[in-house]
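Encoded as structure tokens, the structure appears first; notes follow it.
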Number of protein chains: 2
Amino acid sequence: LSCCEEQGSPACSKAPQVGRVRVQLEMQALWQQFDQLGTEMIVTKAGRRMFPTFQVGISGMDPSAEYVLLMDFIPVDDKRYRYAFRSSSWLVAGRADISAPGRMHFHPDSPGRGAQWMKQTVSFDALKLTNNLLDDNGHMILNSMHRYQPRFHVIYVDPAPNSHLHAQRNFCSFSFPETQFIAVTAYQNHRITQLKIASNPFAKGTQGFYLWWI
Amino acid sequence: LSCCEEQGSPACSKAPQVGRVRVQLEMQALWQQFDQLGTEMIVTKAGRRMFPTFQVGISGMDPSAEYVLLMDFIPVDDKRYRYAFRSSSWLVAGRADISAPGRMHFHPDSPGRGAQWMKQTVSFDALKLTNNLLDDNGHMILNSMHRYQPRFHVIYVDPAPNSHLHAQRNFCSFSFPETQFIAVTAYQNHRITQLKIASNPFAKGTQGFYLWWI
DNA sequence: GTCTTCACACCTAGGTGTTAAGCT
DNA sequence: AGCTTAACACCTAGGTGTGAAGAC
């Protein structure tokens, strides 16, 4: 159960509509299973979903207030990685490539009332990852072989006039370390491939093949 | 291009947010093609989509005002029908059966701002028809072998206090005669079946069979 | 007889990893 | 070598009418 991350601001400077919001990562056990192996997420030119899907349960919102929910991805470090098959581990392979300006993914149900968001799990299953710098579909642009941390943001839609003057007060951010991943164009770690096949229904097609090897 | 139907009220008693709303039926040519043959819509216990889908283009809304959009179905008459295969025509087969209280189907994007609704075609493709009087999925309950007229309603969400006192002023209704249909559990008119197969992509499975007969 | 139900084959639509070929 | 691309087979998920069987 994650609280709002105060970003170096003095005391509690958040509006009550966001200051009490609590967020729980769903499918946490699965995320941890992947994290232990070193999560990889496929990026393609056309855009690829994440698996596991980023899903959260939310509490503490003002039921009648309006909120916008969104995600973004920040580089974890300034490094480029490569996978060493011999040692089955990731190695630093130099400094990070230049990155496209970070995009934001608004949850398609935004804006919505607190009651609606808290009613059931909020799922970002429409979000797609791409390595196409010229992407025109609103997908999240990431560099392959770089490490990322997904972030989740809650913005309170303040009806007050000049509310933009209090933008700081009206949003808060959450990030879960177990959702970190390295973007790849093809899986590197075979155990990641196996765990994806075992846990993603859509990857059931080739499941039979691996059952002999596990 | 249909205007708001004044329901026997004196002069223009509608709020400006709804009084200027204009609605255009999409796929009108297809609806007319079906209507000419006598449209039939399948009802099942589990719920069946309509085809053609009820879709409208909307103009004249206040872009920043909030609206709720919904549909319902009203019996066209107090009759029950049967199909005479010999004459390929519908005959009256007595008085209507007792009907379940009419349900409403809210468009899932409700409530939404005028700008959002007018941006693109509003489609009711999630709406399903059922003949199950005990339906628990929010589908529209209809009597098989009865004739219905779909209706479309626009409700302005008035932020004023006590706005419920002006409920009359804040909504308006639209109906398109070419969308009338008879609910059936199995198609009666073979030409309706053929037109459904020819025009609905999901019915492509058996298309080859009929190509020899047309 | 007339109407309804259900399993089914056949689609649409789109999410998977695989694999071979292509790029640098 | 290392990484990327694109076609592909194989799934999930669900919308069609069919035709035989069932209900009244």
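Hydrogens, waters and symmetry mates are skipped; everything else that's a heavy atom, side chains included, is used. Every chain is numbered from 1 and lettered A, B, ... according to where its sequence line falls, protein lines coming before strand lines. Being a predicted model, the structure only gives us computed values, none of them experimental.
Counting heavy-atom neighbours within 6.0 Å of B/R20 CZ, excluding the residue itself, gives a total of 12 or less. Around atom CD of A/Q32, more than 12 heavy atoms belonging to other residues, nucleotides or ligands sit under 6.0 Å away.
Among C/dT16, D/dG17, D/dG15, the nucleotide with an atom closest to any side-chain atom of B/K128 is D/dG15.
To the nearest 0.5 Å, atoms CG (B/D135) and OG1 (B/T130) are separated by 5.0 Å.
Atom CG in B/L142 sits about 12 Å away from atom P in C/dT4, given to the nearest Å. Atom NE2 of A/H190 and atom P of C/dT18 are 8 Å apart (whole Å).
Sequence order on DNA chain C of the closest nucleotides to A/A186 and A/M50 puts A/M50 first from the 5' end.
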message: Determine whether B/D97 and B/N143 satisfy the following criterion, side-chain hydrogen bond (donor to acceptor under 3.5 Å, both in side chains), listing intermediate values before the conclusion.
response: CA-CA 7 Å; B/D97 300 335; B/N143 280 328; 5.2 Å; no

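The side-chain contact (heavy atoms from CB on, under 4.5 Å) test with A/I182 is passed by exactly one of A/Y81, A/Y83, A/Y148: A/Y81.
Across all strands, B/R48 comes closer than 4.0 Å to base atoms (heavy-atom distances). Across all strands, B/S144 comes closer than 4.0 Å only to sugar-phosphate atoms, never to a base (heavy-atom distances).
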Any N/O pairs under 3.5 Å between the protein and nucleotides 6-13 of chain C? List them or say none.
residue: C/dT12; atom: OP1; partner: B/K204; partner atom: NZ; Å: 3.0

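In this structure, B/F51 and B/F34 have perpendicular ring planes: the angle between them is above 60°, well past the 30° mark.
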